[in-house]
Every structure is written in C-alpha cells, then in structure tokens.
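Letters A, B, ... are given to chains in the order of the sequence lines, protein chains preceding strands, and every chain is numbered from 1. Keep in mind it's a predicted model, so treat the numbers as computed, not measured.
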Amino acid sequence: MSATSGIMVIGEVRESALTGVTLESLSEARRLAQAVGGEVCVALIGEGVASLAATAGRYGAVKAYVVDGAELGVYRSGPFTDAAMACIGAAGPRAVLVPNSGNGREIASRCAVRLSGGVVNDVTALKAGAVGLLAAHPCFGGLVIAEKESLSDPQIYTVRPNSFARTETGGEAVVVPLAADFTPSGLLARVVEVINERAGAVNLEEAAVVVSGGRGMGGPEQFAILEKLAGVLGGAVGASRAAVDAGWRAQIAQVGQTGKTVSPKLYIACGISGSIQHKAGMQTSDLIVAVNKDPEAPIFGFANFGIVGDLHEIIPALTEELRKRQA
Amino acid sequence: MQTVVLVKQVVDTEAEKRLLPGEWRLDRASVENILNPYDEYAVEAAVQLKEELGGEVTVLSMGPQEAEEAIRKALAMGADRGVLVSDPVLQGSDALATARVLAQVLRGLGFDLVLCGSMSTDAQTGLVPAALGELLDLPVLGAVNRLEVHGGSLKAARQTDEGAIVYECPLPAVVAVAKGINEPRYPSLRGIMGAKKKPLDTKTAADLALELGAVGLGGARTRVHAATSVPPRAAGKTVTEYESPQEGARLLADFLHENKLV
C-alpha cells in the first residue's frame with residue numbers, strides 16, 4: 001500500500017451549492033498541500049452533486065470523488081459516513097478537512113471511530129507539522145488557543161467557517177465516481193419529511209456580517225429592523241440567549257456558549273449586554289459594534305465601536321444611511 | 001422504556017474563567033460546576049418519556065468524583081439511578097476515548113434509547129453522540145428538537161438552518177437533543193431530598209474491563225502541543241454624545257466605511 005498523501009476536503013452542500021466553509025477549506029488545503037505533499041481532493045456526497053466538481057476545481061481540488069445516490073438525497077449521518085469512508089479509502093489522504101457544522105462533526109466523529117483516529121474540532125488555523133498538519137483550536141470560549149494535532153492517519157480536522165480566505169485559482173477537478181457500501185444500521189433512520197421554512201436565508205456561521213439582537217430589542221416584532229439592516233449588509237440575524245429564551249427568535253439563531261459560535265468580519269450587537277456566555281460565541285469576530293442604551297453594559301468593554309443610545313432609533317437610521325451611501 | 005441519559009459536569013457558563021498560573025489548564029477551583037446545560041434538555045426529555053410510557057431512566061457520566069453532583073441533579077429532576085465512571089486512568093481521554101468508555105458501560109446496561117445533549121459547553125466538540133452510534137452500531141440522530149416514541153420506534157425532528165428533517169427509526173437508537181426541545185424542570189425540594197437516596201454506582205476502568213490503551217491520555221488520538229492565552233479584546237471607541245439618531249448612525253456608518261465593511 002502506498003503512503004498516504006494529500007488533503008481531502010469533505011464537501012458540504014446546502015441548497016445545491018458548496019458551502020462557504022467547503023470553499024475556504026479547499027483554498028487553505030491548496031496552500032498547505034505542498035507542505036504535506038500530494039494533491040487536494042474533494043468528496044462530494046449527495047444526490048445530483050457531481051456537477052459541483054467544477055466549483056471545487058476552481059477552488060483547488062484536483063480530483064472530485066463523487067458518491068451520488070438516492071440514499072444520500074437528504075442528510076443522514078450513517079450513509080453520509082459510509083460515503084465519506086469510500087472517498088477516504090479511494091484517495092488515501094494524509095489529512096481530512098470537514099466543515100465544523102452539525103453534519104460535519106457527526107461525519108468526522110463516525111469516520112474517526114472507523115479509522116481508530118482522532119478528531120481535532122473547530123479549527124481556525126492550520127500549518128504543516130513534523131508529519132501532516134497542526135491546527136489551532138480556540139478553547140474555553142476563546143480564552144486560549146491550543147495547538148493540537150490529530151494523531152491518526154489520516155488526520156481529521158473540522159474547520160470553523162470564516163477562518164480561511166476563499167481563493168479561486170481556476171483549476172479543474174477530475175471526477176472519480178464511487179459507490180458506497182451502506183451500513184444497515186445507518187439506513188434504519190428513514191427521512192419522513194423535510195421542512196424548508198427558512199430556505200434562502202444567510203447561514204449564521206458563514207455570514208460575513210452578523211446583526212444580533214438581545215433583551216433590549218423588547219419583543220419579537222422589533223427584529224424586523226435588524227432583518228432590514230442585515231439585508232443591506234448581506235448578513236444574517238442572530239440573537240442572544242435572553243432573546244431566544246424569551247421566545248423572540250428560533251434557537252437556531254442563538255449566538256453564545258449554548259448556541260452557535262460565529263467569526264464574521266463584522267458583528268453588530270443590538271441591545272445585548274455582552275455576558276460571558278454571549279462573548280464566548282462571538283469574540284473571535286474581526287470587528288464588534290455595539291448599540292445599547294446602558295453605558296455600563298459590558299459589551300462596550302470589548303466592542304471596537306459603541307454607541308450609547310436607543311437601538312430602535314439608531315438601527316433604522318443606520319439602515320437608511322447605508323442605503324443612501326450605496327445609492 | 002429503558003432510557004440512559006449521558007451527562008457531564010462542566011464549569012458554569014456564566015463564570016469568568018481563569019487559567020492556572022503558568023499553565024493552560026482551567027482553574028476549576030475558582031468556578032462553580034454545573035450540570036452541562038445541554039444535558040438538562042436530555043434529562044427532561046427522558047423523564048417526560050418515562051412519565052408517558054413508564055420504565056426507568058439511568059443517568060450515566062464519566063468524570064471526577066465531584067461529577068456525582070451533576071448526576072444527583074438529574075436524579076432530582078426525576079431520573080431513577082446513576083452510574084459514574086471515575087478513574088484516574090481515564091483522565092486525558094479525548095472525545096472519542098470518552099465515547100469508548102461510555103459505549104462499554106452502555107453495552108452492559110441494556111437500553112431502548114440513549115439520550116444526550118448536543119455538546120458540552122466546556123469542550124464543545126459535539127463528537128460523542130455520533131461516535132456512540134458508531135461504536136454501538138445503532139442509528140444516531142442529532143440536533144433533535146422534537147421527539148416522540150411510539151411502540152418500538154421513534155420520530156425525531158433534526159433542526160437545520162432551513163427548517164428541519166424529520167426521521168423515523170426503530171429503537172434502540174442514540175438521540176442528541178438540541179436546546180429548546182423542552183423546558184427543563186427545576187428540581188423540587190422533594191426531588192432533591194429523594195435524589196440523595198437513589199442508587200448511584202461508581203465504576204472504575206477495571207470494573208468495565210476496558211482496554212487501557214484505548215482510553216485516558218494514552219488512548220487519546222489527539223495531542224495538545226502548546227497553548228497560548230489570548231489577550232482580552234480591548235475596548236474601542238464608545239460614543240455617548242451626538243445630536244440625533246441620524247448623527248449617531250452617520251458616525252457608525254463612517255466607522256464601517258473606514259474599515260471597508262461597506
């Protein structure tokens with residue numbers, strides 16, 4: 001058997017396109033490939049996904065291993081793991097990069113069990129190690145950055161969205177179709193319904209701009225002003241734990257230690273005090289802006305720019321101002 | 001209905017965390033320990049299923065002896081008995097080594113359903129539930145915010161960015177619940193008193209006949225090479241005085257322009 005080499009990115013598909021973190025991982029893999037030897041490849045898993053090889057190629061994949069089938073039409077961790085294992089088996093990569101999403105963590109974990117391997121999760125930087133790759137992983141809510149290594153062959157890392165630049169290099173990926181051997185226990189979970197009530201919304205973890213509302217919003221209707229601002233900025237709307245627990249926003253929108261961790265270029269906190277558990281979910285944002293009527297709010301202690309005032313007046317005025325400047 | 005709920009004791013999510021001087025380990029003595037908030041939803045789901053269908057709820061945890069407090073809280077919420085795996089040789093287990101230990105206990109317990117939280121708020125790996133499904137060769141469903149059990153099967157909705165995927169699958173299965181699946185109850189005084197009398201077994205690695213090479217620091221397939229403290233974010237500019245909301249908005253827009261964000 002030949003020695004493992006190269007980097008495989010497990011592609012993630014949302015609404016018929018590769019997710020941002022997939023393109024970011026491919027771009028970073030291409031930058032790292034020289035250091036570990038071998039080439040960059042992508043695993044495309046789903047139904048009707050072979051055409052995404054062209055996009056993957058533009059972002060650095062030389063080969064696209066494609067497992068396409070009706071069993072993979074909707075995400076199920078078992079069959080998706082079987083498919084990922086088929087791709088890993090065919091490519092023999094030294095390292096595997098998986099999106100650090102709900103689906104990605106499950107696939108990474110299950111592949112690691114099968115490979116007797118180790119997963120380093122939520123990686124924000126990668127570099128060449130003595131063998132394979134070394135990763136930076138923020139822990140304790142961003143208090144510490146640990147340098148961690150997956151000791152297995154292949155190594156397995158899950159990558160945090162917005163950690164790497166997307167670089168289109170204009171290559172082409174050769175498509176390698178594969179068949180997966182589906183494990184019976186994984187097929188036991190049958191999909192009975194798919195609900196797409198938020199189709200088309202900007203994904204919170206992948207958004208370059210996140211506009212979040214907290215207790216200071218005062219109620220669920222008030223989030224409309226954040227939706228408008230997010231619309232102008234091409235961003236997503238998040239919420240603090242207080243706003244989610246009050247029932248104003250869906251759990252899926254919560255930013256913080258019991259919600260999502262986001263690292264956008266810009267985080268706008270509206271009516272959010274900035275508690276420790278909230279800070280843990282957003283403090284790796286490039287820039288933080290806060291609007292809060294309480295000058296003593298902890299958020300002003302770590303925001304890059306803060307305005308003490310009524311968000312119900314300032315946010316609509318900001319939306320208007322940005323619209324004017326865009327025109 | 002035999003349900004096993006997996007729980008973990010974690011440091012309080014509201015606490016200001018500090019590192020031990022000269023080390024990069026968390027100073028656990030300086031903060032309160034709590035039942036992992038995600039696990040409260042799993043315990044509540046298990047107790048609700050027991051109330052509906054009968055049966056028994058076992059709480060399983062791995063950790064230091066103090067983790068008994070987290071198990072007692074789950075017992076106070078209505079679970080029936082606890083199992084704590086505690087052994088110095090298990091220290092340093094990574095997520096998958098932890099899953100190997102828990103899987104070994106589960107093999108000996110017998111169950112219809114394993115419930116867990118989506119992740120712990122300390123390590124935040126979210127890797128354990130899927131690893132358990134793999135190790136036990138069972139279907140595993142994660143991020144579940146709606147769960148029903150009928151006869152020998154379950155129906156579960158997985159929350160997604162777009163909405164949800166609804167699955168049906170036969171028992172036994174492993175289910176990781178999302179925050180918001182229910183409203184975890186506060187233990188009553190009677191529950192708290194009763195929890196002290198509920199059975200709680202402590203098991204060691206030897207009791208479980210664990211392969212020692214697969215658990216603890218030696219069994220971890222991840223390694224920390226170094227760690228650096230991140231300097232706290234400094235406060236930037238805070239504007240308190242401006243003539244009108246429009247003026248405030250202009251200052252904010254200027255800041256976004258200066259930083260090339262618009």
Side-chain angles (χ1 to χ4, degrees), chain A residues 74-75 77-78 102 105-106 109-110 112-113 117-121 140 142-152 185 188-199 203 251-252 257-258 265-266 276-277 283 287 295 300-309 313-314 317-318 321-322 325, chain B residues 13-14 16-17 19 24 26 37-38 94 96 121 124-127 130-131 134-135 137-143 159 161-170 178-180 220-230 233 235-240 245-246 248-250 252-253 255 259 261-262:
Chain A
V74 178
Y75 173 75
S77 74
R105 282 192 296 267
E106 290 180 350
S109 179
R110 299 187 70 154
V113 170
V119 181
V120 175
N121 65 296
F140 310 135
L143 191 61
V144 170
I145 304 270
E147 190 172 277
K148 285 182 86 171
E149 182 184 7
S150 164
L151 297 175
S152 49
S185 65
L188 288 175
R190 291 182 309 111
V191 176
V192 294
E193 193 185 356
V194 178
I195 300 166
N196 272 325
E197 60 202 7
R198 287 184 293 270
N203 174 272
Q251 168 59 34
I252 202 94
Q257 208 158 21
T258 52
K265 286 187 169 46
L266 171 64
I276 285 156
Q277 61 82 22
Q283 68 174 336
L287 283 172
F300 292 121
F302 59 94
N304 299 82
F305 191 87
I307 291 214
V308 179
E313 292 177 349
I314 291 167
L318 176 62
E321 178 68 23
L322 293 175
R325 293 188 188 198
Chain B
T13 48
E14 296 292 352
E16 186 76 68
K17 289 154 199 79
L19 299 185
W24 40 265
L26 207 58
Y38 285 107
D94 64 3
L96 295 185
T121 53
Q124 291 188 297
T125 72
L127 297 171
E134 193 63 37
L135 288 161
D137 195 23
L138 292 177
V140 45
L141 302 173
Q159 70 177 22
D161 289 305
E162 296 77 30
I165 305 171
V166 185
Y167 300 94
E168 266 177 11
C169 101
K179 191 192 156 191
R221 308 301 295 144
T222 53
R223 185 190 290 149
V224 179
H225 285 273
T228 34
S229 277
V230 179
R233 286 187 85 110
K237 186 178 181 185
T238 302
V239 182
T240 47
Q246 286 68 31
R250 269 194 294 278
L252 231 168
F255 173 80
N259 288 285
L261 288 162
V262 282

Work out which heavy atom in [X] is nearest to a heavy atom in [Y]; give both atom names and the distance.
{"X": "B:Asp137", "Y": "A:Ser185", "answer": "OD1-OG, 2.7 Å"}
{"X": "A:Phe300", "Y": "B:Ala235", "answer": "O-CB, 3.4 Å"}
{"X": "B:Leu261", "Y": "A:Leu287", "answer": "CD1-CD1, 3.4 Å"}
{"X": "A:Leu188", "Y": "B:Pro170", "answer": "O-CD, 3.5 Å"}
{"X": "B:Pro37", "Y": "A:Thr258", "answer": "CB-CG2, 3.8 Å"}
{"X": "B:Ala249", "Y": "A:Glu321", "answer": "O-CG, 4.3 Å"}

Nearest 0.5 Å please: distance from the [atom1] atom of [X] over to the [atom2] atom of [Y].
{"X": "A:Ile314", "Y": "B:Leu252", "atom1": "CD1", "atom2": "CG", "result": "7.5 Å"}
{"X": "B:Glu162", "Y": "A:Asn203", "atom1": "CD", "atom2": "CG", "result": "8.0 Å"}
{"X": "A:Glu147", "Y": "B:Thr228", "atom1": "CD", "atom2": "OG1", "result": "8.0 Å"}

Exercise. What do the steps show when you test B:Val166 against A:Val191 for side chain to side chain contact (heavy atoms under 4.5 Å, CB included), and what is the final call?
Worked result: CA-CA 6 Å; B:Val166 185; A:Val191 176; over 6 Å; no

Exercise. Going by an N to O cut-off under 4.0 Å, is there a salt bridge joining A:Arg190 and B:Glu168?
Worked result: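 Yes.
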
Problem set entry | Flag if over 12 foreign heavy atoms under 6.0 Å of CZ, B:Arg223 |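 No, CZ of B:Arg223 has 12 or fewer neighbouring heavy atoms, counting only those of other groups under 6.0 Å.
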
Could you tell me which portion of [X] (side chain, backbone, both or neither) has an atom closer than 4.5 angstrom to a non-hydrogen atom of chain B?
{"X": "A:Val192", "value": "both"}
{"X": "A:Asn304", "value": "both"}
{"X": "A:Ala189", "value": "both"}
{"X": "A:Glu313", "value": "both"}

Exercise. Okay, side chain of B:Thr222, backbone of A:Gly118: is any donor-acceptor separation there less than 3.5 Å?
Worked result: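 It does not hold such a pair.
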
Does any heavy atom of chain A fall under 4.5 Å from the side chain of [X], the backbone, both, or neither of them?
{"X": "B:Val262", "value": "side chain"}
{"X": "B:Ala220", "value": "backbone"}
{"X": "B:Tyr167", "value": "both"}

Problem set entry | side chain to side chain contact (heavy atoms under 4.5 Å, CB included) between A:Gln257 and B:Gln124, worked out | CA-CA 9 Å; A:Gln257 208 158 21; B:Gln124 291 188 297; 4.3 Å; yes

Exercise. Heavy atoms, side chains only, cut-off 4.5 Å: are A:Glu106 and B:Glu134 in contact?
Worked result: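 No, their side chains stay 4.5 Å or more apart.
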
Exercise. So, do B:Thr238 and A:Val308 sit near enough that their side-chain heavy atoms are less than 4.5 Å apart?
Worked result: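 Answer yes - side chains close enough.
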
When [options] are compared by non-hydrogen pairs under 4.5 Å with chain B, the top option:
{"options": "A:Gln283, A:Lys265, A:Gln251, A:Glu197", "answer": "A:Gln251"}
{"options": "A:Arg105, A:Lys148, A:Arg110", "answer": "A:Arg110"}
{"options": "A:Val194, A:Ile145, A:Leu322", "answer": "A:Ile145"}

For this session: Between chain A and each of B:Asp94, B:Leu138, B:Leu141, count heavy-atom pairs under 4.5 Å; write down the option with the most.
Result: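 It is B:Leu138.
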
For this session: Take B:Val239 and A:Phe305 through the test side chain to side chain contact (heavy atoms under 4.5 Å, CB included) and record every step on the way to the result.
Result: CA-CA 8 Å; B:Val239 182; A:Phe305 191 87; 3.8 Å; yes

For this session: Could you please spell out the steps behind the side chain to side chain contact (heavy atoms under 4.5 Å, CB included) verdict for A:Ser109 and B:Leu96?
Result: CA-CA 8 Å; A:Ser109 179; B:Leu96 295 185; 3.7 Å; yes

